[in-house]
Amino acid sequence: MSGSSSSECARIVRVLEGHYGHIPWWPGDTDEVLIGAVLTQQTRWENVVRALGLLKENSLCSVSALYDADHGEIERAIRCTGFYRVKTKRLKALATFVIEEYGGLALMAGYPTELLREGLLRVSGIGEETADSILCYGFHRSSFVIDAYTHHICGCAGIPEQKSRLKALFEEVLPSDPGTYRQTHAHIVEYAKEYCGKKRCEACILMNSNG
DNA sequence: GACCAGGTCCTTG
DNA sequence: CAAGGACATGGT
């Protein structure tokens, strides 16, 4: 608890890897990851899964289908994720970006990570976390995701930094391998869900006392 | 019934 | 630039 921030990051990565090992996380094709990344904004993943199921039943679970769909039918399918009106607009904006700027996901996949990230951040409703989730889980790029859980856990571990700083720290510490990026983020979120209660956060106690 | 969830945008100070 | 509110449904 007295090391540099980057060594603290490395410690988190090491400890959680030992604790969880490999866990499957965010399976699904690129279309599904893009859509899920928007739907999960400020929303429980279980509700996102339901919405993805409804989208599939209505043949709407793809970027190209959303591009063609009416707002009403999208809203109906994703209502259970909350913020359904604004999320429908965001999905439409994202689909429009992918189709009109790149001609589809397959072509988009041929471009470098930084270019894609800049583009995604220009889409209304796509912020840093959503963009990085799309890059990391949808396009298998080494772009580390800092979400609320990660931010919180880093605070527990004695790294009270801004999200942008944390992203740089993890990217400095991790090997440049997309699989490791995905796995590490998954570990952190699983750990947070397991140990961060509402009233008292057990993770803060565990991570400070011991490695 | 209050409180929170794997954010982002817009408005204020 | 930091802080606060809006967006909305579903679970505890």
Side-chain angles (χ1 to χ4, degrees), chain A residues 12-13 16 20 23-28 30 32-55 58 66 71-97 117-141 143-157 159-167 170-171 178 181-204:
Chain A
I12 293 172
V13 172
L16 294 183
Y20 289 109
I23 52 178
W25 221 63
W26 209 329
T30 305
E32 201 171 330
V33 171
L34 263 72
I35 296 165
V38 170
L39 295 183
T40 198
Q41 291 172 350
Q42 194 64 24
T43 302
R44 294 172 189 274
W45 183 251
E46 302 80 61
N47 294 332
V48 173
V49 171
R50 273 183 224 156
L52 289 172
L54 287 172
L55 287 170
N58 291 280
L66 291 177
H71 282 245
E73 49 182 343
I74 300 173
E75 288 182 355
R76 234 171 291 132
I78 72 170
R79 188 165 342 172
C80 63
T81 68
F83 304 130
Y84 62 90
R85 290 191 200 92
V86 67
K87 282 178 181 172
T88 293
K89 287 180 196 159
R90 291 173 182 182
L91 287 173
K92 270 291 192 184
L94 179 58
T96 300
F97 170 72
R117 190 168 196 274
E118 288 166 16
L120 286 167
L121 290 176
R122 265 184 257 117
V123 177
S124 171
I126 307 295
E128 311 251 337
E129 276 119 88
T130 307
D132 289 329
S133 293
I134 287 170
L135 291 169
C136 187
Y137 291 98
F139 290 101
H140 302 277
R141 306 301 176 89
S143 194
F144 198 74
V145 180
I146 304 291
D147 53 24
Y149 284 148
T150 309
H151 190 218
H152 175 81
I153 288 293
C154 287
C156 294
I159 319 171
E161 303 281 355
Q162 302 263 337
K163 289 183 174 180
S164 57
R165 171 71 180 135
L166 290 176
K167 175 177 168 66
F170 277 99
E171 294 187 349
Y181 273 55
R182 294 196 300 275
Q183 177 151 304
T184 299
H185 177 237
H187 286 158
I188 291 171
V189 173
E190 284 305 304
Y191 186 80
K193 285 181 171 176
E194 190 173 348
Y195 291 108
C196 299
K198 304 170 197 167
K199 288 209 62 177
R200 187 183 297 267
C201 176
E202 201 177 343
C204 290

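A quick note: this is a predicted structure, and the numbers were derived from the prediction, not measured. By convention in this document, chain letters (A, B, ...) are assigned in the order of the sequence lines, proteins followed by strands, and residues within each chain are numbered from 1.
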Hunt down the Watson-Crick or G-U wobble partner of dG4(C), both distances under 3.5 Å, from any strand shown, or write none. dC10(B)

Heavy atoms only, 4.0 Å cut-off, all strands: where does Glu46(A) land among base, sugar-phosphate and nothing? nothing

Starting from [atom2] on [N], measure out to [atom1] on [X] and report it in whole angstrom.
X         : N      : atom1 : atom2 : answer
Glu129(A) : dC9(B) : CD    : P     : 11 Å
Leu91(A)  : dG7(B) : CG    : C1'   : 14 Å
His152(A) : dC4(B) : NE2   : C1'   : 13 Å
Trp45(A)  : dG7(B) : CH2   : C1'   : 14 Å

Taking everything shown except Glu118(A) itself, do over 12 heavy atoms lie less than 6.0 Å from its CD? yes

Aromatic ring pairing Phe144(A)/Tyr181(A), orientation class (parallel under 30°, perpendicular over 60°, tilted between): perpendicular

Between the side chains of Asp132(A) and Arg117(A), is the shortest nitrogen-to-carboxylate-oxygen separation below 4.0 Å, so that they form an ion pair? yes

Begin with the C-alpha distance, continue with both residues' side-chain angles, and end with the deciding distance and a verdict on side chain to side chain contact (heavy atoms under 4.5 Å, CB included) for Phe139(A) and Leu34(A). CA-CA 9 Å; Phe139(A) 290 101; Leu34(A) 263 72; 4.1 Å; yes

Let me spell it out: for each of Tyr137(A) and Ser124(A), pick the nucleotide of DNA chain B with the closest heavy atom. Which residue's pick is nearer the 5' end? Tyr137(A)

Take Thr150(A) and Lys163(A), measure what side chain to side chain donor-acceptor pair (under 3.5 Å) needs, and give me the verdict at the end. CA-CA 9 Å; Thr150(A) 309; Lys163(A) 289 183 174 180; over 6 Å; no

Give a yes/no answer on whether the side chain of Thr40(A) brings an N or O atom under 4.0 Å of OP1 or OP2 in dG7(B). no

Sugar-phosphate or base contact per nucleotide [nucleotides 3-10 of chain C; S, B, -; heavy atom under 4.0 Å]: ----BBSB

Pair Thr130(A)-Gln41(A), side-chain donor/acceptor within less than 3.5 Å: yes

Rounding to the closest angstrom, what is the interatomic distance between dA8(C) and dC10(B) at atom P? 14 Å

